[in-house]
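Below is one structure, written out as structure tokens; the observations come after it.
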Amino acid sequence: MLPRNEKKLVYVNSDLVEAVAKISKNRGETITKFVEEALTQALKVATAGYDLKQLGQFFEVMYAQKILGGAFVPLDVLNFLTTVACTTDKENIINTWFESGKWHGKYLKERFYDPLKALEDFLEASRWDLNEVEVKHFGATARVRCVSTVLSNDATLLLAKFIEGVMQGFGYKLQKNELLKGMIVQEFIDE
């Protein structure tokens, strides 16, 4: 291992160096300090078993969650609230999830070049109760599939309504809606 003060030369694309220089200048720090901090954080991510692309996706999702007023809630609490709400006022809670989805959809469509990919990343990063998430695009048709071993029937329904709202926010109309406890398969057509 190298002594801490020994330096190594690494070749990097000049466009990246220029972008880093600009950011460093705006922050009032050296390029070296910026790069060393970025590499230190990248090592933490890699040591935890993730790659930098996942980190970037996770950051984008967390930023969107913050802007959209999202909150992380323990699964037991979410399940309890879902059960109570579906028992006392199911129609209103379904509509609330749908409307929230529409709002999320409008935002994701405006914020991201590929909103369908953004939706997939959003669900993967923010819904830890989902074992599988797949969002595919085929011409004017989009297909969303989510699988979970822990979602109740009510939670499955509410997530499906949220996704339907998101897709409506993207400009899609629901064509097919297959729901089983813990499984959502929906197909949408671009309007």
Side-chain angles (χ1 to χ4, degrees), residues 50 52-75 77-191:
Y50 297 97
L52 294 179
K53 184 176 179 183
Q54 289 172 305
L55 175 65
Q57 291 170 337
F58 186 75
F59 174 78
E60 288 284 343
V61 167
M62 292 304 100
Y63 181 77
Q65 276 285 65
K66 178 181 175 186
I67 296 299
L68 294 168
F72 285 98
V73 177
L75 187 57
V77 174
L78 180 61
N79 288 340
F80 172 76
L81 294 173
T82 297
T83 300
V84 170
C86 285
T87 302
T88 59
D89 194 1
K90 193 168 191 167
E91 186 176 321
N92 194 26
I93 192 68
I94 288 171
N95 188 53
T96 300
W97 277 79
F98 178 78
E99 291 299 320
S100 178
K102 279 182 17 182
W103 207 85
H104 279 70
K106 292 284 187 190
Y107 176 79
L108 293 175
K109 184 178 180 182
E110 292 300 318
R111 174 92 165 78
F112 296 97
Y113 173 75
D114 184 351
L116 291 172
K117 177 66 175 142
L119 172 60
E120 184 175 67
D121 292 344
F122 185 86
L123 291 171
E124 286 177 343
S126 67
R127 293 298 304 249
W128 296 348
D129 53 348
L130 296 177
N131 303 90
E132 294 179 22
V133 175
E134 180 182 75
V135 180
K136 297 284 184 186
H137 188 251
F138 310 96
T141 303
R143 182 174 182 263
V144 179
R145 185 178 64 83
C146 299
V147 179
S148 171
T149 57
V150 297
L151 284 180
S152 67
N153 283 326
D154 287 334
T156 302
L157 172 64
L158 295 178
L159 179 57
K161 291 307 281 187
F162 175 81
I163 293 168
E164 183 182 345
V166 170
M167 295 301 289
Q168 189 176 54
F170 290 170
Y172 285 83
K173 183 178 179 183
L174 183 66
Q175 293 294 299
K176 177 182 170 186
N177 193 33
E178 294 182 28
L179 305 179
L180 295 171
K181 181 180 176 185
M183 183 180 285
I184 300 167
V185 178
Q186 296 175 307
E187 289 184 8
F188 300 87
I189 186 139
D190 195 355
E191 292 185 296

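Side-chain atoms are counted along with the backbone in the values below, which use heavy atoms only and exclude waters and symmetry mates.
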For Arg111, the side chain to side chain donor-acceptor pair (under 3.5 Å) test, sequence neighbours excluded, returns Glu60, Tyr107
I'd like to check the ring-ring contact (aromatic ring centres under 6.0 Å, His included) partners of Trp103; sequence neighbours left out, ordered by chain and number. none
Thr82 to Ala155 - nearest heavy-atom pair and separation: CG2-N, 4.0 Å
I want to check something: taking the side chain as every heavy atom from C-beta on, are Ser152 and Thr83 in contact at a cut-off of under 4.5 Å? no
Only counting residues at least two apart or in another chain, list the ones meeting ring-ring contact (aromatic ring centres under 6.0 Å, His included) with Phe122. His104
Enter the distance from Cys86:SG to Asn153:CG here, rounded to the nearest 0.5 Å. 10.0 Å
How many angstroms lie between CG in Leu78 and CG in Leu158, if you round to the nearest 0.5 Å? 8.5 Å
More than 12 heavy atoms from other groups under 6.0 Å of CD on Glu191: yes
Search all heavy atoms of Leu130 against all heavy atoms of Ser148 and return the closest pair with its distance. CD2-CB, 4.0 Å
Identify, with sequence neighbours excluded, every residue that meets side chain to side chain donor-acceptor pair (under 3.5 Å) alongside Asp129. Arg127
Output, in order, the C-alpha distance, side-chain angles, deciding distance and verdict of salt bridge (Lys or Arg N to Asp or Glu O under 4.0 Å) for Lys136 and Glu120. CA-CA 9 Å; Lys136 297 284 184 186; Glu120 184 175 67; 6.0 Å; no
To the nearest 0.5 Å, how far apart are CD in Glu124 and CG in Leu119? 10.0 Å
Is any side-chain heavy atom of Thr141 closer than 4.5 Å to a side-chain heavy atom of Asp190? no
Heavy-atom side-chain contact between Tyr63 and Ile67 under 4.5 Å: yes
Is there a side-chain contact between Asp154 and Ile93 (heavy atoms, below 4.5 Å)? no
Do you know the tightest heavy-atom contact between Pro115 and Leu108? CB-O, 4.0 Å
Would you list the atom pairs, donor with acceptor, under 3.5 Å between side chains in residues 165-180 and any protein atom, with sequence neighbours excluded?
{"residue": "Tyr172", "atom": "OH", "partner": "His137", "partner atom": "NE2", "Å": "3.1"}
{"residue": "Lys176", "atom": "NZ", "partner": "Glu178", "partner atom": "OE2", "Å": "3.0"}
{"residue": "Asn177", "atom": "OD1", "partner": "Gln186", "partner atom": "NE2", "Å": "3.0"}

Do Val144 and Phe188 have side chains that get closer than 4.5 Å, going by heavy atoms? yes
Are Arg143 and Val185 packed together at the side-chain level, in the sense that at least one heavy-atom pair is separated by less than 4.5 angstrom? yes
Would you check if Lys109 and Lys106 make a side-chain contact, meaning some heavy-atom pair closer than 4.5 Å? no
Return the CG to CG distance between Leu151 and Leu159, rounded to the nearest 0.5 Å. 6.5 Å
For Cys146 and Ile163, work out which heavy atoms get closest and say how close. SG-CD1, 3.8 Å
Indicate yes or no: at least one non-hydrogen side-chain atom of Asn79 is less than 4.5 angstrom from one of Val150. no
Side chain to side chain donor-acceptor pair (under 3.5 Å) involving Asp89 - partner list, sequence neighbours excluded: Asn92
To the nearest 0.5 Å, tell me how far Leu55 CG sits from Met62 CE. 11.5 Å
